[in-house]
Amino acid sequence: MDALATDFIRVAVVEDTKSGRFNRRVHTRFPPEPNGYLHIGHAKALAIDAGVARDFGGKFNLRFDDTNPVKEEEEYVDGIVADVRWLGWDFGDTVLFGSDYFEQMFAWAVQLIEKGRAYVDDLSPEQIREYRGTLTDPGKNSPYRDRSVEENLDLFHRMRAGEFPEGSRVLRAKIDMTSPNLNLRDPVMYRILHQSHHRQGDAWCIYPMYDWAHGLEDSIEGITHSLCDLGYRDHRPLYDWFLDELGIYHPQQLEFARLFMTYTVLSKRKLLQLVQGGYVNGWDDPRMPTIAGMRRRGYTAAAINDFCDRIGVSTSASVVDVALLEHCVREDLNEHAPRVMAVLDPVKVVVDNYPEGQVEWLEAENHPQHPEMGNRLIPFSRELYIEREDFMEDPPAKYYRLAPGREVRLKNAYLVTYSSVVKDEAGRVVEIHCTYDPASRGGEAPDGRKVRGTIHWVSAVHALDAEVRLYDRLFRDEDPEKATEEGSAEERSFLDNLNPDSLQVVVGCKVESTLATTQPGDRFQFMREGYFCTDLDSRSDSLIFNRTIALRDTWAKIQGAG
RNA sequence: UGGGGCGUGGCCAAGUGGCAAGGCGACGGACUUUGAAUCCGUUUAUCGCACGUUCGAAUCGUGCCGCCCCAGCCA
């Protein structure tokens, strides 16, 4: 059992199951508000919430915390459900909604009023703020605080009946206006909102606030451990107060630190700004840290979950290096993505001594470490394309690719030796001529000579045209919030740090013919380039690939070091 | 100046009184029909600071410093 105690939350759960606190049950929940899309930070919360349930053989609920009709939309519900499923979490066959408990919540509110622990306040929003006091000064009681139970009951029922305009009254918990914890200074439980709810329609015109609703939702569902982020630490006394006053089943709230990541923003407001401001192409733009964006980019759920496991669970504010996420993605894709050849920046190669019109179908392995993934046949012919970068007329030391006087291996094909180059008037290489060694079919020389360089290629006549979208980090600075040189207002500083080269669309790429039947979502390793996935917009007659993540590139590093 | 939380190598993070895990990154090397992967190795720790308690402290105590969160009829 103790093997499960891998972090402070699981330690607490282990203790609770040992002591029999919740009859050894473990039941958690993930409670998103349907007002935006899930991002990597939610993936972490999910991994903790659902992960604890999974590890302890418990249950897990997906419950929408939909208590505010003005901010919530059905569109987001569907998106979130799809994302949670895609990440692989099992929440049974029911999606729950906090709004389904409105009637019960109302009854409990009445109970609190009858107990003298809640009252209807007529103060305006501004007055409530004034009466609340400040961080250093205590608040003061509302003049309506001591209304009789009868009057409170009457008013509260009339609030529900729709007799009062929005903002005119609220129901408040009667706790302590002088508490050093602002959350305990008579928090609002219900506000009047003459708004239709996405599920309740016009059944209600009073809506519960988070602090009042959340613990009740947890209680109703029999949640044992209500896990949330550190921002709610100060709310815990209130969570406990409501449940204790009502005397109903009482889950344990536990808080962990939110995720922050370098080169990334994760606040809903900023993400929304990126989308609405047109800085990205929607919530599922592959540059977005949203689950939808990462999925479209080609990230796997396994990689995301692995990342969540590796960053750990703690209570210290931390900024995780995005390089760890990238590592997880590479690791998973390296293991599972079939290899394929694609030339992103093609330059023509003519094999002078190869018979014109001849085509050979050569065998290529789909994965060097996994023979069980099989082989495929790729066409070889007299005219090929190779990467422009893989030829240099005057190469630096330790350049292992094609150059005057050099022999290189065409992956899975033949050894070829440079013979000449053709340039246009501008001096740009337009064609490279080579000769091949017919005895080296497959790439091995019969005399056993070693050829250091191996490059990828595609047969010119067989290759398919494709568009490739290369993605880079969305922000230039590791900390997007960092003030820019212009000293702009902090409100838009993160926008000033956007990386202008975060998306590079490359057209005229040449990919091997086996990609003709690829479907959106398919993932590959374009050998020596990186991991790519077929985009949602890709069609058989206009292929589009997204670069999920480039391969580690030691050569580039050596070059960069100069 | 109120309350809450947090400070362990570049980034995460174990550790809860007995010689400071691990991962990522970085840097070397081996191997290589992907300059990938894989393998091996290296690097950097006054455990925020100070003073105490103790045979012994990252772990306990006191004081200080620094960072984050809270004043929605948002969640």
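Chain naming here is simple, since letters A, B, ... match the order of the sequence lines and numbering starts at 1 in each.
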Counting only side-chain heavy atoms from C-beta out, which of [options] sits nearest to [X]?
X         : options                : answer
Ser314(A) : A13(B), G25(B), A75(B) : A13(B)
Ile128(A) : C12(B), C73(B), G3(B)  : C73(B)
Thr134(A) : A71(B), C73(B), G2(B)  : A71(B)
Ile311(A) : A75(B), U34(B), C12(B) : C12(B)
Leu230(A) : G72(B), U34(B), G5(B)  : G5(B)
Arg129(A) : C11(B), G72(B), G5(B)  : G72(B)

Watson-Crick or G-U wobble partner of [N], both distances under 3.5 Å:
N      : result
G9(B)  : none
U34(B) : none
G2(B)  : C70(B)
C19(B) : none
C64(B) : G48(B)
G28(B) : C40(B)

With stacking defined as ring centroids separated by under 5.5 Å and planes differing by under 30°, is Tyr210(A) stacked against A75(B)?
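Tyr210(A) vs A75(B): stacking no.
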If I take atom [atom1] in residue [X] and atom [atom2] in nucleotide [N], what distance separates them, rounded to the nearest angstrom?
X         : N      : atom1 : atom2 : result
Asn183(A) : C74(B) : CG    : C1'   : 13 Å
Asn366(A) : A36(B) : CG    : C1'   : 16 Å
Arg63(A)  : A75(B) : CZ    : P     : 13 Å
Arg258(A) : C12(B) : CZ    : C1'   : 17 Å
Lys71(A)  : C73(B) : NZ    : P     : 13 Å
Tyr131(A) : G72(B) : OH    : P     : 16 Å
Asp234(A) : G2(B)  : CG    : P     : 15 Å
Asn334(A) : U34(B) : CG    : P     : 13 Å

When you measure from the centre of the six-membered ring of Phe97(A), is the NZ or CZ of Arg199(A) closer than 6.0 Å and no more than 45° off the axis?
yes
Would G72(B) be called syn or anti, given that syn covers angles within 90° of 0?
syn
With distance as the sole test, does Glu512(A) use its side chain to make a donor-acceptor pair with the main-chain N or O of Met341(A) at under 3.5 Å?
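Yes.
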Across the strands shown, which category fits Pro368(A) at heavy-atom distances under 4.0 angstrom: base, sugar-phosphate, nothing?
base
Sugar-phosphate, base or nothing in reach of Arg339(A), heavy atoms under 4.0 Å
base
Pairing donors with acceptors under 3.5 angstrom, does anything connect the side chains of [X] and [Y]?
X         : Y         : value
His198(A) : Glu72(A)  : no
Glu33(A)  : Tyr210(A) : no
Thr28(A)  : Asp49(A)  : no

Candidate pair Asp55(A) and Arg10(A), rule salt bridge (Lys or Arg N to Asp or Glu O under 4.0 Å), full reasoning:
CA-CA 9 Å; Asp55(A) 294 348; Arg10(A) 277 169 242 252; 2.3 Å; yes
